[in-house]
Protein chains: 2
Amino acid sequence: MRIGEAAETTGVSSKRIRYYEQIGLIKQAARTDSGYRDYDASDIHTLDFIKRARELGFSIDETSTLLELWGDQNATSLEVRDLARSHIEAMRDKIRQLQSMVDTLQQLVSDCDGGSRSECPILRDLEHAPARKGATR
Amino acid sequence: MRIGEAAETTGVSSKRIRYYEQIGLIKQAARTDSGYRDYDASDIHTLDFIKRARELGFSIDETSTLLELWGDQNATSLEVRDLARSHIEAMRDKIRQLQSMVDTLQQLVSDCDGGSRSECPILRDLEHAPARKGATR
DNA sequence: CCTTGACCTTCCCATAGTGGGAAGGTGTAG
DNA sequence: CTACACCTTCCCACTATGGGAAGGTCAAGG
């Protein structure tokens, strides 16, 4: 099947498929006589795998590792689990960071009565916040 | 004061300060005779403001708007509040998305006993997940 | 047989922020 | 005068992806 159908089938755009090939995440696609990329069921399976990994937030690098583990008969579940765990931790860190921003900002918004600019607690915070102590990043 | 000291004082790296100037977030810095950028207290105040806005997760574009509102005597607190609110909503969306990934992945990790690769529930999910129905993105 | 339109190809550009580093000028302390 | 820390501009890299141009291919219909 050609790239358009592969894209439609897997939900991975043609652009992305070509990109994944270019960076070596997937192997070079077979070509028809006229130079069109040609995908078989196994390629689709791989693209499905990649799509799912990306949906779970794995980076392309991590996805690449997962693909290797997937194809390696000697690999153990442990390696996959460890990768997943550290990825979970990274996402949890990100969530904490975002949540902290949301909390602070929500407080400021709650304090805001929509009055004159000069009384805006949000601007007052931005102006005077002790940026050098509890920085979020 | 020169850019290095400004960077040290505000916690915004020299690289970033130059970038902010280049994209027009801050005005062109004054220059010494020899061409060095020269910052005064007001510039530092602005950089502090920017730093804090960035810490609260505002994009540079949003930060630019905030700077305008900050400097506009006719602006009202309402405009700032609305910007903050929509930013909060965007961050909450992001959090929900990440949390959903974490939840799914945590479940898979919990099901994983670290045994052989062929029994790895994480790889099984990646292989067989119904990617076309409840996609996270 | 030729045209049309949907597909495909490669190639370059843009995005959002930031860091790294090269090549070269400046300012100051010893 | 030299050494060294600082500054300048300029270009490249990163993460992933989309947009679009210029041109080739294939199938259907006139």
Side-chain angles (χ1 to χ4, degrees), chain A residues 1-26 28-40 43 47 49-67 87 90-91 93-94 97-98 101 135-137, chain B residues 1-26 28-40 43 47 50-67 87 90-91 94 97-98 101 135-137:
Chain A
M1 100 182 41
R2 298 190 300 194
I3 199 170
E5 196 182 341
E8 186 114 353
T9 305
T10 61
V12 179
S13 72
S14 307
K15 280 282 190 184
R16 260 180 269 182
I17 297 176
R18 288 194 202 97
Y19 174 68
Y20 291 162
E21 178 181 323
Q22 189 208 319
I23 62 172
L25 179 63
I26 54 180
Q28 300 274 322
R31 298 288 183 138
T32 65
D33 289 348
S34 58
Y36 286 7
R37 285 177 181 79
D38 191 21
Y39 299 93
D40 64 17
D43 297 324
L47 285 172
F49 183 102
I50 290 169
K51 171 140 198 268
R52 179 63 176 161
R54 301 287 293 123
E55 279 173 4
L56 289 175
F58 288 103
S59 70
I60 286 192
D61 238 39
E62 288 166 333
T63 302
S64 178
T65 303
L66 287 170
L67 277 173
H87 175 49
M91 290 196 287
D93 281 352
K94 186 69 184 167
Q97 188 187 338
L98 284 168
M101 293 175 183
T136 315
R137 34 185 305 198
Chain B
M1 97 182 41
R2 297 191 301 195
I3 199 170
E5 196 183 340
E8 186 115 354
T9 306
T10 62
V12 180
S13 72
S14 308
K15 280 280 191 186
R16 262 180 268 182
I17 297 176
R18 288 193 202 98
Y19 174 68
Y20 292 162
E21 179 181 324
Q22 190 207 318
I23 62 171
L25 178 63
I26 54 180
Q28 299 276 320
R31 299 290 183 136
T32 65
D33 289 348
S34 57
Y36 286 7
R37 286 177 180 79
D38 191 21
Y39 298 92
D40 63 17
D43 296 326
L47 284 171
I50 290 169
K51 170 140 197 271
R52 179 61 176 161
R54 301 286 292 125
E55 279 172 6
L56 290 175
F58 288 102
S59 70
I60 287 192
D61 240 38
E62 288 166 332
T63 302
S64 178
T65 303
L66 287 170
L67 278 173
H87 175 50
M91 288 197 288
K94 185 71 186 167
Q97 188 187 339
L98 284 167
M101 293 175 183
T136 315
R137 37 186 305 198

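Predicted model, so just to flag it, every value in this text is computed and none were measured. Proteins get letters first, then strands, A, B, ... in listed order; numbering begins at 1 in each.
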Let me see the working for A:R54 and A:Y20 under side chain to side chain contact (heavy atoms under 4.5 Å, CB included), right down to the final yes or no. CA-CA 12 Å; A:R54 301 287 293 123; A:Y20 291 162; 3.8 Å; yes
Begin from the C-alpha positions of B:I50 and B:L25 and carry the test side chain to side chain contact (heavy atoms under 4.5 Å, CB included) through to its verdict. CA-CA 9 Å; B:I50 290 169; B:L25 178 63; 3.9 Å; yes
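Remark: A:S13 is in phosphate contact with D:dG18, judged by side-chain N or O atoms under 4.0 Å from OP1 or OP2. For B:S59, no side-chain nitrogen or oxygen approaches OP1 or OP2 of C:dA16 to under 4.0 Å. In this structure, A:Y20 reaches the D:dT17 phosphate: one of its side-chain N or O atoms is under 4.0 Å from OP1 or OP2. Distances shorter than 4.0 Å separate some side-chain N or O of B:S34 from OP1 or OP2 on C:dG27.
Take B:Y36 and apply the side-chain contact (heavy atoms from CB on, under 4.5 Å) test, not counting sequence neighbours, and it matches B:R2, B:T32, B:S34. For A:D61, the side-chain contact (heavy atoms from CB on, under 4.5 Å) partners two or more places apart in sequence, or in a different chain, are A:S59. When the side chain to side chain donor-acceptor pair (under 3.5 Å) test is applied to A:D93, the partners found at least two apart in sequence or on another chain are A:R96. A:E21 is linked by a side chain to side chain donor-acceptor pair (under 3.5 Å) to A:R37, counting only residues two or more places apart in sequence or in another chain.
D:dT17 atom P lies 13 Å from atom CD of A:Q22, rounded to whole Å. Between the CD1 atom of A:I50 and the P atom of D:dT17 there is a distance of 10 Å, given to the nearest Å. The distance from atom CG of A:D33 to atom C1' of D:dC26 is 13 Å, rounded to the nearest whole Å. Taking atom CD1 of A:I17 as the reference point, atom C1' of D:dT17 lies 13 Å away to the nearest angstrom. Taking atom CD1 of B:I60 as the reference point, atom C1' of C:dG17 lies 6 Å away to the nearest angstrom.
Here A:I23 lies out of heavy-atom contact (under 4.0 Å) with every strand.
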Sequence-aligned protein contact record of nucleotides 1-12 of chain C, with B where the base is within under 4.0 Å of a protein heavy atom and S where only the sugar-phosphate is: ------BSBBB-
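Place B:T32 and B:Y19 on DNA chain C by their nearest nucleotides, and B:Y19 ends up nearer the 5' end.
In terms of modelled atom types and a separation under 3.5 Å, the side chain of A:D38 and the main chain of A:A30 share no donor-acceptor contact.
For the helix from C:dC1-D:dG30 to C:dG30-D:dC1, the terminal axes (five pairs an end, C1' atoms, rotation from four pairs onto the next four) enclose an angle of 30°, given to 10 degrees.
Side-chain contact between B:F58 and B:T65 is absent, with no heavy-atom pair separated by less than 4.5 Å.
Here the CZ-CD1 distance, from B:R18 to B:I26, works out to 11.0 Å after rounding to the nearest 0.5 Å.
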